[in-house]
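Quick notes on the structure that follows.
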Amino acid sequence: MSFPTELKVQHLSAGYTSKQGLHTVLAGISFTLGEEITSIIGPSGGGKSTLLHCLSGILSPSSGTIILGERPLNPRAHQIALVPQQYGLLPWKKVKANILLPQALGKRIVSEELQNSIIQTLDIAPLLDRYPAELSGGQRQRVALARAFIMQPDLILLDEAFSALDIATAERCRTLFLKLWESYPTPTLVVTHSPAEAVALSSRTLLISQGELLADLRYPQRDELESRLLYLNETLQ
Ligand code: ADP
Ligand code: MG
């Protein structure tokens with residue numbers, strides 16, 4: 001019997017070291033995430049990407065703990081899929097090799113049958129032999145999603161992953177993302193600057209500003225997120 005995976009973030013602090021010393025960005029953030037999609041919204045520079053960098057192992061926290069599925073987070077042992085804003089595809093590799101990159105990096109990947117099903121769902125079969133430069137933004141985004149799902153991740157992190165797309169393309173990519181997610185539900189954090197996107201993708205939203213978790217909202221209305229964001233942006237100026 002397998003238990004649902006849970007992400008537990010406790011008192012997480014992190015920052016960046018420079019000649020002036022440590023600049024703290026995240027100031028003790030705590031939350032728990034089940035097999036659900038939760039969005040993160042907040043003013044620019046508030047620490048959203050820094051949080052995802054801690055969760056993906058790019059950045060070591062200065063204090064606090066991160067538990068994923070009963071074990072302390074270990075980017076080598078856990079399967080963590082990060083989809084950045086510019087999709088993170090390797091320009092010198094063809095689409096197929098980009099999708100299979102997790103395998104080249106020693107990650108577990110799904111069976112060939114499931115790979116094909118993911119590729120079909122995302123409608124990228126005709127693109128497998130192309131280079132990323134030969135793709136549109138929406139196509140690149142779908143390739144990045146394929147790479148994320150192919151590793152059957154324990155945790156999915158999307159950092160403004162739909163924001164470079166036009167409205168209709170973003171909408172299509174979000175729909176495909178949700179369809180795949182329903183088949184492979186896992187704890188998922190989606191950073192977005194768009195209240196509409198937060199509401200479209202998730203029923204829970206974390207509001208992060210100046211390195212603090214200000215609110216953990218269940219079923220927020222789009223209007224509520226918009227006015228909170230507006231207020232924060234105005235008070236920070
Ligand atoms: P957000 O994603 O919410 O816009 P970030 O997490 O990217 O915010 O940034 C939070 C703060 O950390 C900002 O003040 C930013 O300038 C700083 N920061 C981000 N990345 C680095 C870095 N690599 N080195 C130093 N400071 C950084
Ligand atoms: Mg960011």
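Both ligands and their constituent atoms are indexed starting at 1 by order of listing. Residue indices begin at 1 and follow the sequence shown. Computed from a prediction, not measured in an experiment: that's the story for all the values here.
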Atom 15 (C) of ligand 1 touched by protein (heavy atom, under 4.0 Å): no
Which atoms from ligand 1 have a heavy atom of Gly46 less than 4.0 Å away? 1 (P), 3 (O), 8 (O)
Measure the spacing between CD of Glu35 and CG of Asp154 and express it to the nearest 0.5 Å. 10.0 Å
Whether the Asp159 and Ser49 side chains hold a donor-acceptor pair (N or O, under 3.5 Å, no angle test) is what I'd like checked. yes
Name the closest protein heavy atom to atom 9 (O) of ligand 1, giving the residue it belongs to and the distance to 0.1 Å. Thr50 OG1, 3.9 Å
Please write out which residues are connected to Leu59 in a hydrophobic cluster, directly or through intermediates, given that two of Ile, Leu, Val, Met, Phe, Trp, Tyr count as joined at side-chain heavy-atom separations below 4.5 angstrom. Tyr16, Val25
At a cut-off of 2.8 Å, what protein N/O/S atoms sit near the Mg ion (ligand 2)? Ser49 OG
For atom 8 (O) of ligand 1, which protein heavy atom lies nearest, and how many Å away is it? Gly47 N, 3.2 Å
With side-chain hydrogen bond (donor to acceptor under 3.5 Å, both in side chains) as the rule and sequence neighbours excluded, what pairs involving residues 51-75 come up? Gln10-Thr65
OG1 (Thr192) and CD (Glu197) are apart, to the nearest 0.5 Å, by 3.5 Å
Got the closest protein heavy atom to atom 7 (O) of ligand 1, with its distance? Ser49 CB, 3.6 Å
Exercise answer: donor-acceptor pairs, residues 203-211 side-chain atoms, under 3.5 Å, sequence neighbours excluded:
from	atom 1	to	atom 2	distance (Å)
Arg204	NE	Asp216	OD1	2.8
Arg204	NH1	Thr32	O	2.8
Arg204	NH1	Glu36	OE2	3.0
Arg204	NH2	Thr32	O	3.1
Arg204	NH2	Asp216	OD2	2.8
Thr205	OG1	Ser39	OG	3.0

Which protein non-hydrogen atom lies closest to atom 26 (N) of ligand 1, naming both residue and atom, and how far is it? Tyr16 CD1, 3.4 Å
Other residues, nucleotides and ligands only: do more than 12 of their heavy atoms fall within 6.0 Å of NZ on Lys93? no
Are the charged groups of Asp223 and Arg228 less than 4.0 angstrom apart, N to O? no
Hydrogens and angles aside, do Ser111 and Glu113 bring a side-chain donor and acceptor to less than 3.5 Å of each other? no
With no hydrogens and no angle check, is any side-chain donor or acceptor of Arg108 less than 3.5 Å from a backbone partner on Gln152? yes
Residue portion contacting ligand 1 (non-hydrogen atoms closer than 4.0 Å) for Val25: side chain
Could you tell me whether atom 4 (O) of ligand 1 has a protein heavy atom closer than 4.0 Å? yes
Please write down residue, atom name and distance for the protein heavy atom closest to atom 1 (P) of ligand 1. Gly45 N, 3.5 Å
